[in-house]
Colleague: 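Please find one structure pasted underneath; my questions will follow.
So that the names make sense, note that chain A is the first sequence line, chain B the second, and so on, each numbered from 1.
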Amino acid sequence: MTDRERQTEEQLKNAIGEFTDQVEPADDAWAQLRGRADNLVPRHSRKTWIGLALAGAAAAIIAVLGFAALNSGDDDTRVATDPGDDMTGFVALTLDGQLRRYAPDGSDRGLIAETGWQYDEGDDFPPPPDFSVSSGGTVYFARPVPDSSCAVDAQLGSEIVSVPLEGGDPEVVVPVGTAPAVSPDGSSLAYLTTDSRQQCFDLPELTPGIDPSEVRTATSPVLEIKDLDRPSNLDSVDIVTAGERSFATGDPLVWSPDGSAIVLNAFVGGEKITPHIVLVDVATGSGRDLYTRSGLGTTPFAFDGENNIFVDATDFEGSSVRIGLIPADDVEQAPNAASVTVVHEVPAAESLRALSTLPGENAPGLLTVVEKNASPQGAGPVIYFGPGQDGAQRTLATDMVDAAWIPGTTAADLVAPTVSTGFVGLTGEGELRHYGASGEDLGLVADTGWKPGSDFAQPTFSVARDGTVYFSRAVTDLECPRSDQFGSEIVSVPINGGEPDVVAPVGSAPAISPDGSQLAFSMTGDEKQCYRNDGGDTSVVVVRDLGSSESRKVTIHPDNELPELVIPPGYPLAWSPDGSEIAVSLLLGKEQQAAVAVADLDNFSARTVFMFGTGDGTPALASAGEKQLFVDASRGTGEGAGWIGITDTDVPGPATVDTMRVPQFIGLPGAQRLLTLSTLPGENAPGLLVTTAPVLDSQSGTASVYSDGQESAPRVVAENVLAAVWISGTTDDVSSAPAPWE
Amino acid sequence: MIGTMTSDPQTGGPARGGSAAVPLDRDQLLSELYQEHYRSLVRLAALLLGQREAAEDVVQEAFLELYRNTDRITKRSSADAYLRSIVLNLARSRMRRRLVARKHPPAPQPDVAGADAGIAVSEDSAELLAAMRALPRRQRECLALRFYEELTEDETGDTLEISRSSVKTHVRRGLATLTEKLEALR
């Protein structure tokens with residue numbers, strides 16, 4: 001210390017003495033204080049926090065004096081919910097500021113409450129309200145208090161209210177508070193309030209690297225924990241501080257699974273302020289840095305069932321959202337975004353808005369909200385990642401601001417959606433993906449391991465009503481006599497992803513029957529395991545009863561002769577709507593003429609019904625109704641080459657493109673060739689799902705819907721799709737639903 | 001820690017060191033703490049706020065806050081520390097409100113530092129105290145606790161929940177800034 005500073009110190013001490021000596025309390029100070037303490041009124045006031053605090057004190061005095069009746073908890077704001085009610089799914093905040101309840105499959109279960117907040121384009125203020133769902137079925141959320149007289153535009157009055165999941169009138173729980181978080185056992189509510197008990201919160205507009213003194217003059221929220229098991233008008237609030245840390249208003253609080261700690265965003269002092277995730281020990285109030293990340297705004301985080309912590313590891317330079325995992329053993333090290341292990345990535349997304357997990361071994365995985373680049377600012381899909389680090393992802397809802405699990409949700413609720421709609425497509429990267437009826441990407445089903453240009457056949461697949469996806473994939477570890485041979489097996493996987501199960505060790509071209517009870521697929525005739533892309537072996541069709549696992553072989557003898565025929569791997573099968581016949585595309589005779597045969601499953605007879613024009617590629621085939629088939633009627637490779645035709649199957653003798661008896665053609669736009677066709681049985685069938693590709697391009701495809709199967713303008717529903725198959729539960733008028741860009 | 005304030009003329013009450021183990025009676029505690037600390041806390045708040053009335057209001061609020069939370073106070077010493085930190089918190093937010101109001105003219109505030117009619121100090125002292133109130137929060141709090149309350153660095157750190165070395169730093173920085181200000185005035 002310099003001499004001058006020592007001098008300043010002396011001067012300051014003198015000035016302090018001079019000043020304070022003149023300060024005397026008012027003469028009636030004690031009377032005032034005593035009176036204020038005595039006149040506390042035991043009733044709820046939502047006007048100010050002090051109102052609640054004072055009311056609590058008064059009620060406590062009354063209880064001390066023996067009026068225990070007031071103690072009985074009639075003021076408890078928690079709402080008991082019928083335990084028989086279904087406590088599964090999630091709660092999400094819409095752009096309109098509605099808290100809505102959703103089933104595990106994403107179907108809407110109705111409004112819980114209007115928060116009063118609304119997305120305002122181009123304006124981040126006020127920030128969307130936080131919410132928390134208790135295991136008892138109560139939703140706590142912060143809502144703006146419009147009548148609070150905040151001095152500044154950038155300040156916000158906020159109260160915490162509770163409402164049952166079923167909806168109802170919200171009740172005020174904390175008159176001045178934000179970021180509510182119910183403890184895992186439901187007994188406590190943690191939230192941020194202002195340290196001054198004034199009603200106004202400052203906006204979380206703190207930016208990294210600013211002068212700490214600037215932060216110190218902003219409102220510094222206080223973390224409080226309220227005991228929900230005691231009547232709310234009794235003293236039941238703990239104040240937790242965590243040293244030299246400023247908590248950030250409007251950011252979420254998360255309890256550790258055992259309820260011993262609260263994790264939240266905070267700003268840690270020093271020369272420059274940096275945002276941290278800190279863990280605050282509830283018992284001691286001590287804080288510990290867990291994680292830091294550069295960049296602005298909230299860093300969402302969530303515990304998994306084993307105390308590992310999911311964090312936002314998004315790199316602001318990149319164009320994908322990344323979710324990292326800090327192992328429970330590593331939390332002492334306070335890693336940063338660059339050093340954390342990335343466990344999930346969402347491409348083409350801008351920022352992570354929310355993470356939600358459930359504690360416990362049955363935790364059904366991670367629920368996230370990401371902001372997509374093209375979405376309205378602040379909203380994006382709710383994405384579910386299955387349990388484990390490699391869990392498949394599935395989109396449960398779109399355009400949400402925030403989402404959190406309802407604590408009764410278990411893994412069993414999320415195994416598979418009960419009814420699936422939309423279609424499954426094979427992408428140019430060899431991924432099977434689930435798409436909504438309008439083409440919205442609902443997530444990965446499975447990676448087939450195939451890529452365009454691979455030696456082995458393109459996978460074929462079929463999707464059952466319950467969401468099970470059957471697909472063929474190459475078995476590459478077989479020892480085949482020739483290098484261009486490979487094995488092909490049929491596996492099944494839930495549409496929301498998972499580890500595929502082998503259904504048939506040898507097989508290709510799975511096709512689920514219209515009633516979902518039987519699976520048909522093609523197989524090499526002598527059960528050789530090795531296929532060649534061009535066939536080369538006599539083939540059979542196997543029909544397996546999925547209930548009893550019994551299989552029947554249907555040997556195809558077109559027209560009761562035995563010409564040389566092969567069913568190359570990947571050549572499609574199609575069931576008739578009544579399940580009595582299966583159409584098979586195959587290569588016929590020495591010339592290997594591409595043809596379609598129809599096998600009657602009652603008497604196992606088969607007849608050739610159609611001869612393809614070109615025999616080029618893998619002929620597309622689909623049922624067009626009773627005794628009618630959609631077939632590939634392409635006639636060449638030039639402009640306007642691609643055609644879809646309809647042929648009758650109940651007329652004698654095979655039709656050809658030139659002699660087709662039902663001249664209903666659909667011309668494909670431009671120089672397109674037909675890749676796959678898919679229809680659904682039934683009158684409500686949503687149209688013909690078609691994938692096409694440019695004639696000279698084998699790596700890109702487009703899925704389109706022809707709404708009525710007749711000549712009409714196609715509606716493109718997905719790009720980069722080489723094959724597409726309806727999910728057989730899709731029956732609604734999805735074909736008329738507008739595409740996202742319309 | 002507040003027990004160091006023996007110079008307070010109102011502190012001469014009966015000896016009451018033995019009540020630590022039993023649950024504290026709310027009203028008795030209020031009365032005792034009032035006698036012991038009210039005046040010095042008003043002075044501390046006034047020092048930070050530059051205004052006696054606001055200071056008194058802050059201290060009364062702090063006492064009511066403590067009154068409400070008596071159940072959780074098990075030791076007299078923790079009541080003392082608790083009280084002081086509430087006063088600091090409330091004074092801080094008063095100050096903040098004033099800053100906000102100053103930035104936004106619709107609510108003009110006449111009570112700039114030193115404007116309290118009842119407190120007349122020399123011009124030099126007034127300028128110095130105004131400069132102290134303009135310091136960053138931690139610095140002015142450390143200076144007040146060290147030089148008015150005469151707390152040690154450890155006690156100051158405990159009250160503010162910061163480390164002893166932080167207290168040292170804040171005091172040194174505060175004094176350095178004040179020294180610069182003084183020189184600029186000369």
Side-chain angles (χ1 to χ4, degrees), chain A residues 1-2 4-9 11-26 29-30 32-34 36-37 40 50 53-54 56-57 60-61 64 151-153 155 194-198 200 211-214 216-220 222 235 237-239 241-244 269 285, chain B residues 26-27 30 34 38-39 42-44 46-47 52 55-56 59-61 63-65 67-72 89-90 92-97 99-101 103-104 106-107 118-122 124-126 128-129 132 136-139 143-144 147-148 161-162 166 172 175-176 178-179 182-183:
Chain A
M1 199 187 289
T2 65
R4 281 218 194 94
E5 283 169 13
R6 232 168 257 128
Q7 221 178 326
T8 305
E9 184 181 326
Q11 276 178 282
L12 184 62
K13 280 178 177 167
N14 288 336
I16 287 173
E18 195 184 339
F19 179 88
T20 54
D21 278 352
Q22 297 182 57
V23 176
E24 291 294 341
W30 169 248
Q32 273 185 30
L33 180 62
R34 189 64 257 181
R36 284 174 79 176
L40 302 174
I50 285 291
L54 301 187
I61 295 164
V64 165
V152 200
D153 286 348
Q155 282 189 322
T194 58
D195 61 358
S196 60
R197 311 297 177 235
Q198 65 184 18
C200 299
D211 183 338
S213 62
E214 303 254 334
R216 299 305 181 201
T217 56
T219 301
S220 175
V222 172
D235 170 26
V237 175
D238 273 316
I239 299 174
T241 57
E244 254 188 324
Chain B
R26 193 180 288 259
D27 291 311
L30 185 71
Y34 175 83
Y38 187 83
R39 187 164 173 268
V42 169
R43 289 179 161 186
L44 173 65
L47 178 62
R52 191 200 57 82
E56 187 135 8
V59 175
Q60 292 225 344
E61 272 185 38
F63 271 84
L64 292 171
E65 175 91 23
Y67 190 70
R68 189 178 69 84
N69 285 311
T70 311
D71 289 356
R72 300 213 329 274
N89 275 344
L90 293 176
R92 197 182 298 151
S93 59
R94 281 293 164 109
M95 207 132 172
R96 195 177 300 138
R97 240 179 292 181
L99 283 173
V100 166
K103 274 191 225 163
H104 298 269
I119 307 168
V121 293
S122 69
D124 285 352
S125 296
L128 187 55
L129 292 176
M132 187 194 94
R137 169 188 136 199
R138 290 290 185 207
Q139 293 181 22
L143 290 177
F147 300 145
Y148 167 67
E161 295 183 61
I162 57 179
S166 292
R172 204 173 52 229
L175 285 175
L178 291 182
T179 306
L182 286 177
E183 275 167 15

Colleague: Distance from Lys13(A) atom NZ to Leu128(B) atom CG, nearest 0.5 Å?
Modeller: 13.0 Å

Colleague: Is there a donor-acceptor contact under 3.5 Å from the side chain of Tyr38(B) to the main chain of Pro25(A)?
Modeller: no

Colleague: Supply the atom-to-atom distance Asn14(A) CG to Asp124(B) CG, rounded to the nearest 0.5 angstrom.
Modeller: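 Nearest 0.5 Å value for the CG-CG distance: 11.0 Å.
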
Colleague: Going from CZ on Arg6(A) to OG1 on Thr179(B), what distance comes out if it is rounded to the nearest 0.5 angstrom?
Modeller: 11.0 Å

Colleague: Does Glu9(A) reach the side chain of Leu178(B), with side-chain heavy atoms less than 4.5 Å apart?
Modeller: no

Colleague: Of all the heavy-atom pairs spanning Tyr148(B) and Ile16(A), show the shortest one and how long it is.
Modeller: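 Smallest heavy-atom distance, with atoms named: CB-CG2, 3.6 Å.
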
Colleague: About how many Å separate CD of Gln11(A) and CG of Leu129(B), when rounded to the nearest 0.5 Å?
Modeller: 11.0 Å

Colleague: State whether the side chain of Arg52(B) and the backbone N or O of Val23(A) hold a donor-acceptor pair below 3.5 Å, judged by distance alone.
Modeller: no

Colleague: How far does OG1 of Thr8(A) sit from CD of Glu183(B), to the nearest 0.5 angstrom?
Modeller: 7.5 Å

Colleague: Checking the side chain of Glu56(B) only, and the main-chain atoms of Ala26(A) only, is there a donor and an acceptor separated by less than 3.5 Å?
Modeller: yes

Colleague: Grab the two heavy atoms, one from Tyr34(B) and one from Trp30(A), that are nearest each other, plus how far apart they are.
Modeller: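 Between these two residues, the closest heavy atoms are OH-N, 3.1 Å.
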
Colleague: I'd like to know whether Leu64(B) forms a side chain to side chain contact (heavy atoms under 4.5 Å, CB included) with Leu33(A), so could you lay out the CA-CA distance, the side-chain angles of the two residues, the decisive distance to 0.1 Å, and finally the verdict.
Modeller: CA-CA 8 Å; Leu64(B) 292 171; Leu33(A) 180 62; 4.2 Å; yes

Colleague: Would you check if Asp27(B) and Arg34(A) make a side-chain contact, meaning some heavy-atom pair closer than 4.5 Å?
Modeller: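 They are in side-chain contact.
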
Colleague: Calculate, to the nearest 0.5 Å, the distance between atoms CD and CZ belonging to Gln60(B) and Arg36(A) respectively.
Modeller: 5.0 Å

Colleague: Please check this pair: side chain of Glu18(A) against backbone of Ser122(B), looking for a donor-acceptor N/O pair closer than 3.5 Å.
Modeller: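 Yes, Glu18(A) side chain to Ser122(B) backbone: donor-acceptor pair under 3.5 Å.
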
